[in-house]
2 protein chains.
Amino acid sequence: MAATLKEIAQRVGKSVTTVSRALAGYSDVSEATRAQVRQVAQELGYEPNITARRLQKRRTETLAIVLPTYSPRFSDPFFSEFLAGVGNAAAAEGYDLLVSTRSPGDEEEKAYRDLIRSRRVDAFIVVRTRLHDARIEILKAANFPFAAFGRIEGDNDFLFVDEDSELGLRLVVEHLVKLGHRRLAFLAAPPDLMFARYRLKGFTETLQARGLPVDPELILTGDLSQRHGHQLAGILLDRPDPPTAIVACNDLMALGAMSAVQNRGLKVGYDVSITGFDDIPPAEHAHPSLTTVHQPVYKIGKMVCQMVIDVINGREIPNPQITLAPSLVIRQSSGPVQI
Amino acid sequence: MAATLKEIAQRVGKSVTTVSRALAGYSDVSEATRAQVRQVAQELGYEPNITARRLQKRRTETLAIVLPTYSPRFSDPFFSEFLAGVGNAAAAEGYDLLVSTRSPGDEEEKAYRDLIRSRRVDAFIVVRTRLHDARIEILKAANFPFAAFGRIEGDNDFLFVDEDSELGLRLVVEHLVKLGHRRLAFLAAPPDLMFARYRLKGFTETLQARGLPVDPELILTGDLSQRHGHQLAGILLDRPDPPTAIVACNDLMALGAMSAVQNRGLKVGYDVSITGFDDIPPAEHAHPSLTTVHQPVYKIGKMVCQMVIDVINGREIPNPQITLAPSLVIRQSSGPVQI
DNA sequence: TCACTTTTCCAAAACGTTTTGGGAGTAAAT
DNA sequence: ATTTACTCCCAAAACGTTTTGGAAAAGTGA
């Protein structure tokens, strides 16, 4: 059986209190005693029972993240990287990460409420914020600590890290305009996703700022998957007046669009330019490689996690609302317009 | 503050014991008392303190899964789905899922040892088994409950679910041979991964069984990524005597191989046939769609999780070692050989 | 009435830790 | 010789639950 403080105390001939305090490094324990306690603890292979510690400290030292899965067969190249960022930051601070997956809606809200009520976790990490985000409303109402990757419509009076998607799209559009493109199409994402809004906004406003028309027929909405990217690009390309550039809301759809272009015997980056957003690993290794906006997902995961840990430990948060400036990664899938 | 049994007991005028037993459904509580306890618990919004319960029950009701991440920017379409399967099964049984990510090696082993020593979790789920799997050795040595997705070299005297990859590859090769292919190449994976072994074995043995030569020059090893698939397929295609079919160890490499073929102006499924393994979502929606072996990752996740929960609860495991028969999904990327 | 069973209840212990609020003993200062 | 200060220690309470081992009260059958 696992050793306890009590056993150490018996062996050392001191009280449990003293043993506890010796190991915790309090100064009201003599060095001799401390050394002896350490020695015996070592011998017995003592490990504190963290459940007992958690009970006494009234903390679970656990963070929750509920991944929104839009389809049963979900497979988002994005989440695994984010998870790694969050998980490593959590581990570094001695926190556990409790992960579950729910599809948005009732099930998801129930998961949040249950986790809050059962006090299983100390805080939440919310990912991929939505326009009216029930998760954030629940957390705010319960006054439960959390940090988000992304912002919401309305009061962003909570901890978040976000990339400035609007600016990201401005960089993309300006890059394409500079290459001579005038007819740009946009593969949008469901408008309840905040990042989709920002990206659409960045797209249209930059066009307008450049004095270019915003043709609603060239703005199609997909579900972020490669398949939808393929389908929607097909629709655009089969028009009598196809766009010369397709700006996708994310890399997956851009990759799908690329294959649609190639299927029609056209050359990506020459006949049609294509851009993405996220800079997932396949973007770099696609053929041609994909021009996209880099999003440091791992780093954002770390930041969000660190923030929320800081806040539950009452530490000062120097910068509770962080918006990162994106950078454009120009690769082969975007090139000068052909005339 | 959150209500406790003590408060309910005071309100009801009964002991804490009785309240606890009333809520737990013991029969030595009168129906009248039970109703009253329930009523008051409801009014106070009572939720049991899960940490206290865990301390008393000497269980953490938590499962650990450490995802092996081979690169910092890892993004495996596979894990998210597996995670969903495991997570949902765990949630259904009231278990929490503790997730972390480590790259294989010392860090990973340390994570296992730490989790075991600190008794943070009741059991482990091991994923993507390896030839000499240090994780499994550690768990066995510690006599710690676990279940694996995959087998190991040597004694498989532990809980596992695996798909019969060897059979999967037999199906693939026989399909291609039936289509007239004689020169088959294989994109293998690092041989310390068990599934890579099985797949390679299935490939070579089926060729031999069919009386076809196994040309070592046509067997190249990659890291499972799309990029490596692309590179290695390039090497094969640029040979003076290129293969007519490329059998990839997984879908990601197959997808990479497809783009290499297309880059050379060849038609996948016509000039060169390509097959994968896993049946990840992009496989279906690739162009052409990818012939592959279906792997029910979500379901396997559920099964593995259920198994390990059963075992820590002392329940009978009807089938502690499960090998699933795979099914071949024939799509457009494989076609008759051209002569 | 007695013996026996059934119903209903509960005090106390246990899980293993940390914190609180001292107290004893010794050394230094007055 | 007394006060003050410091060092080292610890009993007890607390965190909130479940389990153990009865015991009192009520009912039953003779």
Side-chain angles (χ1 to χ4, degrees), chain A residues 1-41 44-62 94 96 117-122 313-314, chain B residues 1-38 40-41 44-62 94 96 117-122 312-314:
Chain A
M1 284 295 82
T4 65
L5 288 182
K6 204 167 152 189
E7 296 178 47
I8 300 179
Q10 278 162 0
R11 287 267 210 297
V12 177
K14 292 282 153 70
S15 75
V16 169
T17 305
T18 299
V19 173
S20 172
R21 296 179 75 83
L23 292 171
Y26 281 80
S27 63
D28 63 355
V29 177
S30 74
E31 275 313 317
T33 306
R34 191 191 306 282
Q36 199 193 355
V37 166
R38 285 227 182 93
Q39 163 75 18
V40 174
L44 296 181
Y46 171 76
E47 274 298 315
N49 179 314
I50 67 166
T51 307
R53 199 211 294 269
R54 285 173 180 177
L55 175 59
Q56 148 71 26
K57 294 225 168 187
R58 264 141 298 178
R59 300 261 201 124
T60 62
E61 298 166 349
T62 303
D96 287 346
R117 268 190 320 142
S118 64
R119 309 196 235 40
R120 253 167 228 275
V121 298
D122 294 338
N313 287 308
Chain B
M1 284 297 81
T4 65
L5 289 181
K6 202 166 154 192
E7 295 178 49
I8 300 179
Q10 279 161 358
R11 286 267 210 298
V12 177
K14 293 280 154 69
S15 74
V16 168
T17 306
T18 301
V19 172
S20 172
R21 296 180 74 83
L23 292 172
Y26 281 81
S27 63
D28 63 355
V29 177
S30 75
E31 275 314 316
T33 306
R34 190 191 307 281
Q36 198 194 356
V37 166
R38 285 224 183 95
V40 174
L44 296 181
Y46 171 76
E47 273 300 314
N49 180 314
I50 219 136
T51 309
R53 199 212 293 270
R54 286 173 178 176
L55 175 59
Q56 147 71 28
K57 294 225 168 184
R58 264 140 297 178
R59 300 260 200 127
T60 62
E61 297 166 350
T62 304
D96 287 346
R117 268 191 318 141
S118 64
R119 309 197 238 34
R120 279 168 140 74
V121 299
D122 294 338
I312 57 189
N313 288 308

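Here is how names work: the chains are called A, B, and so on, in the same order as the sequence lines, proteins then strands, and each is numbered from 1.
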Nearest to side-chain heavy atoms of [X], which nucleotide of [options]:
X	options	answer
Ser30(A)	dC10(D), dC8(D), dT17(D)	dC8(D)
Ala52(A)	dT19(C), dA11(C), dT17(C)	dT17(C)
Arg53(B)	dC10(C), dG16(D), dT18(D)	dT18(D)
Thr4(B)	dC8(D), dT17(D), dT18(C)	dT17(D)
Ser20(B)	dT17(C), dT19(D), dC9(D)	dT19(D)
Leu5(A)	dG16(D), dT19(C), dT17(C)	dT17(C)
Gln56(B)	dC10(D), dC15(D), dT19(D)	dT19(D)

Would you mind reading off the distance between [X] atom [atom1] and [N] atom [atom2], rounded to a whole angstrom?
X	N	atom1	atom2	value
Glu61(A)	dT17(C)	CD	C1'	12 Å
Tyr26(A)	dC9(D)	OH	C1'	15 Å
Leu23(A)	dT19(C)	CG	P	13 Å
Asn49(B)	dC15(C)	CG	C1'	13 Å
Arg58(A)	dT17(D)	CZ	P	13 Å
Ile8(A)	dG16(C)	CD1	P	13 Å
Gln36(B)	dT8(C)	CD	P	14 Å
Arg59(B)	dG16(D)	CZ	P	23 Å

- Query: Do the side chains of Thr4(A) and Asn49(A) get nearer than 4.5 Å, heavy atoms only?
  - Reply: no

- Message: Is the shortest side-chain heavy-atom distance between Thr62(A) and Arg54(A) below 4.5 Å?
- Response: yes

Contact class for [X] (heavy atom, under 4.0 Å): base, sugar-phosphate, or nothing?
X	result
Thr33(B)	sugar-phosphate
Thr17(B)	base
Lys14(A)	sugar-phosphate
Arg21(A)	base

- Query: Do Asp28(A) and dC8(D) have a side chain to base donor-acceptor pair shorter than 3.5 Å?
  - Reply: no

- Whether Arg58(B) side chain and Gln56(B) backbone form a donor-acceptor pair below 3.5 Å: yes

- Sub-3.5 Å donor-acceptor pair from the side chain of Arg34(B) to the main-chain atoms of Tyr26(B), do we have one? yes

- Most 5' of Ser15(B) and Arg119(B) on DNA chain C, judged by nearest nucleotide: Ser15(B)

- Message: Need to verify one output field. Residue with the more 5' nearest nucleotide on DNA chain C, Glu31(B) or Ile50(A)?
- Response: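 Here Glu31(B) is the residue nearer the 5' end.
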
- Query: Can you tell me if CZ on Arg11(B) sees more than 12 non-hydrogen neighbours from other groups inside 6.0 Å?
  - Reply: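 No, because the 6.0 Å sphere around CZ of Arg11(B) holds 12 heavy atoms or fewer from other groups.
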
- Item | Contact summary for Gln36(B) and Val12(B), nearest pair of heavy atoms |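 In terms of heavy atoms, the two residues are closest at OE1-CG1, 3.5 Å.
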
